[in-house]
Protein chains: 2
Amino acid sequence: MPASRQRPTVRQLEYVVAVADHLSFSAAADVCGVSQPALSTQVREVEQRLGLSLFERGRGGVSVPDHAVAVIDAARRAIRAVDDVADAAVDLQGELVGPVRIGIIPTMAPYLLPTLVRELRRRHPRAEPALTEERTDELVRRIELGELDLGLLAAPVPSDSLASIPVAIDEFHLALGEDHPYAGEGSLPSGVLAGLPVLLLEDGHCLRDQAMDVCATAGASTDGAIQGTSLTTLCQMVSAGGGVTLLPASALEVEARPGSGLVTRSLRDPRPSRTVVLAWRDRSPLAAMYAAFGDAIAPALQAACPTT
Amino acid sequence: MPASRQRPTVRQLEYVVAVADHLSFSAAADVCGVSQPALSTQVREVEQRLGLSLFERGRGGVSVPDHAVAVIDAARRAIRAVDDVADAAVDLQGELVGPVRIGIIPTMAPYLLPTLVRELRRRHPRAEPALTEERTDELVRRIELGELDLGLLAAPVPSDSLASIPVAIDEFHLALGEDHPYAGEGSLPSGVLAGLPVLLLEDGHCLRDQAMDVCATAGASTDGAIQGTSLTTLCQMVSAGGGVTLLPASALEVEARPGSGLVTRSLRDPRPSRTVVLAWRDRSPLAAMYAAFGDAIAPALQAACPTT
DNA sequence: GGCGTCGATAGCCTTGCCCTATGCCCGCAT
DNA sequence: ATGCGGGCATAGGGCAAGGCTATCGACGCC
């Protein structure tokens with residue numbers, strides 16, 4: 001009885017990848033939207049068809065044996081290849097259709113997302129945006145894996161399998177409590193940072209690193225700087241008199257509106273900024289369409305990042 | 001009601017590719033081993049899910065509109081990617097398991113196939129060889145597409161997406177009717193070809209081109225040479241006194257055995273030959289295993305190509 | 001030592017897929 | 001012109017793959 005090879009189902013491959021990602025059958029089943037027994041059965045089925053065991057079930061949960069990683073990677077590629085078929089189909093509609101999964105870094109999401117979604121709806125009415133907030137590293141990883149279609153983040157993009165185009169320059173302003181000595185009008189030289197207690201985001205945010213760069217350039221030390229978990233939190237700490245912070249221009253309207261207790265002043269010499277980019281998997285069948293979309297929305301996004 | 005994107009089935013993709021290949025629903029259904037209505041339904045289903053029509057049904061049969069070729073190519077890639085999962089699994093078994101689809105060019109098949117299959121069975125007892133006889137171009141195309149796993153053919157391999165290793169040197173001998181003036185023992189200088197009516201295979205066989213090269217080098221003309229459809233036919237024509245031909249050493253035992261009415265003499269100055277290579281898709285997960293296999297069987301295949 | 005968690009197994013059922021039969025439209029030939 | 005045949009679409013019934021609930025066995029933890 002020859003064990004003629006059988007092709008695994010795409011769904012089965014998804015199950016396998018989900019288990020590998022979560023190292024748990026129950027969690028994987030949950031993510032896949034099926035019951036745990038259904039997933040267990042299918043995974044077992046795949047293992048049988050492939051003639052080897054993909055997971056070690058045992059004490060301390062599930063683990064992936066070394067020899068299985070190649071198979072699981074192949075499964076990821078296969079799933080993406082199948083999805084690419086649908087993308088190739090969408091491509092020649094001339095517009096984006098169906099789910100468009102967009103990831104945005106947390107320091108842009110609240111401020112640029114409305115513009116982004118408005119532009120998407122306007123230019124691609126049949127697209128169905130699905131939004132996620134992730135930090136740069138996770139965002140890039142998920143785009144590479146094909147779990148996300150587009151990313152809005154700050155240059156540089158730490159990946160060589162992603163394509164991207166700049167869509168806006170987002171200048172950093174200095175945010176001060178309204179009773180701070182520097183509160184006032186007009187711009188300040190960046191050098192003033194050297195003498196100020198700058199509040200930073202917690203580690204992992206790219207804005208934190210950019211702010212630290214700005215401080216270093218200005219000759220300011222960031223040792224022992226207090227950390228916040230979001231720009232909103234930072235702003236509240238600033239308005240409570242806890243120091244100053246750097247705020248991207250895109251956030252000004254939301255975070256430093258009149259009555260917020262915050263005053264912002266632009267900086268000069270140098271004038272610090274971050275570059276907002278739209279990114280996608282460069283091998284995606286929709287790469288050209290994403291590029292055109294990025295190109296088209298750049299003015300709107302730049303308008304959301306007021307320049308002085 | 002948002003038309004949330006749905007993933008096509010691998011089987012559905014196969015149907016689509018089959019229709020594109022045969023430009024006929026009935027023929028495609030036949031190849032896929034299902035009824036025509038079943039295939040029609042599934043193809044329609046795919047078109048619906050992708051939101052576009054992949055084929056023009058109409059007068060004069062089925063045609064593929066320009067815009068659909070990208071999608072169909074993506075489908076081919078997807079199918080191959082899924083198959084690669086199974087191959088990746090086989091790879092780490094340490095041996096070939098399940099179907100191994102091998103293509104051999106017609107001028108090697110009858111003579112080298114037995115050795116090849118014997119070696120495959122010996123080294124990979126759980127492999128299930130499936131053999132096809134194709135000329136070089138078609139062979140290469142089908143390996144590239146993933147329709148074949150291995151190819152046995154003559155160097156050079158006209159593709160840069162295929163890997164290959166030489167497994168034997170197969171010398172060309174001169175085959176003569178046993179009453180031919182040159183019939184005898186020992187070797188002849190290649191130059192004698194210049195004065196002989198050399199029978200060639202019909203166009204499309206690589207051996208024909210190689211033989212013509214040999215003749216050209218020897219200063220012989222091949223204009224108006226008579227053509228045969230197989231080496232066996234050529235040999236029968238030769239033994240009937242219709243001329244001479246070039247015969248690879250691997251074919252000697254079968255075609256020029258005593259009683260065949262054929263005499264063969266080796267050639268020198270130069271000593272013409274073809275290089276037998278084993279080839280595979282270089283991106284295949286099993287590439288390393290194929291290379292090892294080729295390496296391992298080279299001695300046995302060389303033994304099947306007796307050298308003088 | 002009982003309990004909670006996690007994966008495997010059992011039994012039932014839904015549904016996706018395939019088959020046969022048939023209809024429709026075309027080109028072609030009588 | 002009309003009947004015939006090839007080719008794809010449609011209809012309806014059947015089977016089996018795959019899903020769900022319920023339950024069990026193993027293990028770790030309080």
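By convention in this document, chain letters (A, B, ...) are assigned in the order of the sequence lines, proteins followed by strands, and residues within each chain are numbered from 1. Because the structure is a prediction, the values reported are computed rather than measured.
- Checking D:dC20, D:dG18, C:dC18 against the side-chain heavy atoms of B:Ala38 singles out C:dC18 as nearest.
- In this structure, B:Arg44 does not reach the D:dC8 phosphate: none of its side-chain N or O atoms is under 4.0 Å from OP1 or OP2.
- Between the CG atom of A:Asp30 and the P atom of C:dT5 there is a distance of 14 Å, rounded to whole Å.
- Note on B:Ser26: a side-chain N or O is less than 4.0 Å away from OP1 or OP2 of D:dC8.
- No salt bridge links B:Arg141 with B:Glu144; every basic N to acidic carboxylate O contact stays at or beyond 4.0 Å.
- For the pair A:Glu45 CD and D:dA16 C1', the computed distance is 13 Å after rounding to whole Å.
- For the pair A:Gln48 CD and C:dT9 C1', the interatomic distance rounds to 14 Å; values are reported in whole Å.
- Straight-line distance from the CG atom of A:Leu23 to the P atom of C:dG7: 10 Å, rounded to whole Å.
- Taking only side-chain nitrogens and oxygens, A:Ser40 comes nearer than 4.0 Å to OP1 or OP2 of C:dA8.
- Atoms CZ (A:Phe25) and C1' (C:dT9) sit 14 Å apart, rounded to a whole Å.
- Within 4.0 Å (heavy atoms only), A:Gln42 reaches sugar-phosphate atoms of the nucleic acid but no base atom.
- For B:Leu39 and D:dG7, the CG to C1' distance is 13 Å, given to the nearest whole Å.
- D:dA17 atom C1' lies 9 Å from atom CZ of A:Arg49, rounded to whole Å.
- Across A:Glu133 and A:Ile105, no two heavy atoms sit closer than the pair CG-C, 4.4 Å.
- Using modelled atom types, one side-chain atom of B:Asp149 and one backbone atom of B:Arg101 make a donor-acceptor pair closer than 3.5 Å.
- The shortest distance between the side-chain N/O atoms of A:Arg11 and the OP1/OP2 oxygens of D:dA17 is not below 4.0 Å.
- Residue B:Tyr15 has a polar side-chain atom (N or O) positioned under 4.0 Å from OP1 or OP2 of C:dC18.
- The CD atom of B:Gln36 sits 18 Å away from the P atom of C:dC17 (whole-angstrom rounding).
- Between A:Asp87 and A:Arg283 there is no salt bridge, since no side-chain N of the basic residue sits under 4.0 Å from a carboxylate O of the acidic one.
- Residue whose closest nucleotide on DNA chain D sits further toward the 5' end, between A:Thr9 and A:Pro37: A:Thr9.
- Using cut-offs of 30° and 60° for the angle between ring planes, the B:Tyr290 and B:Trp280 rings count as tilted.
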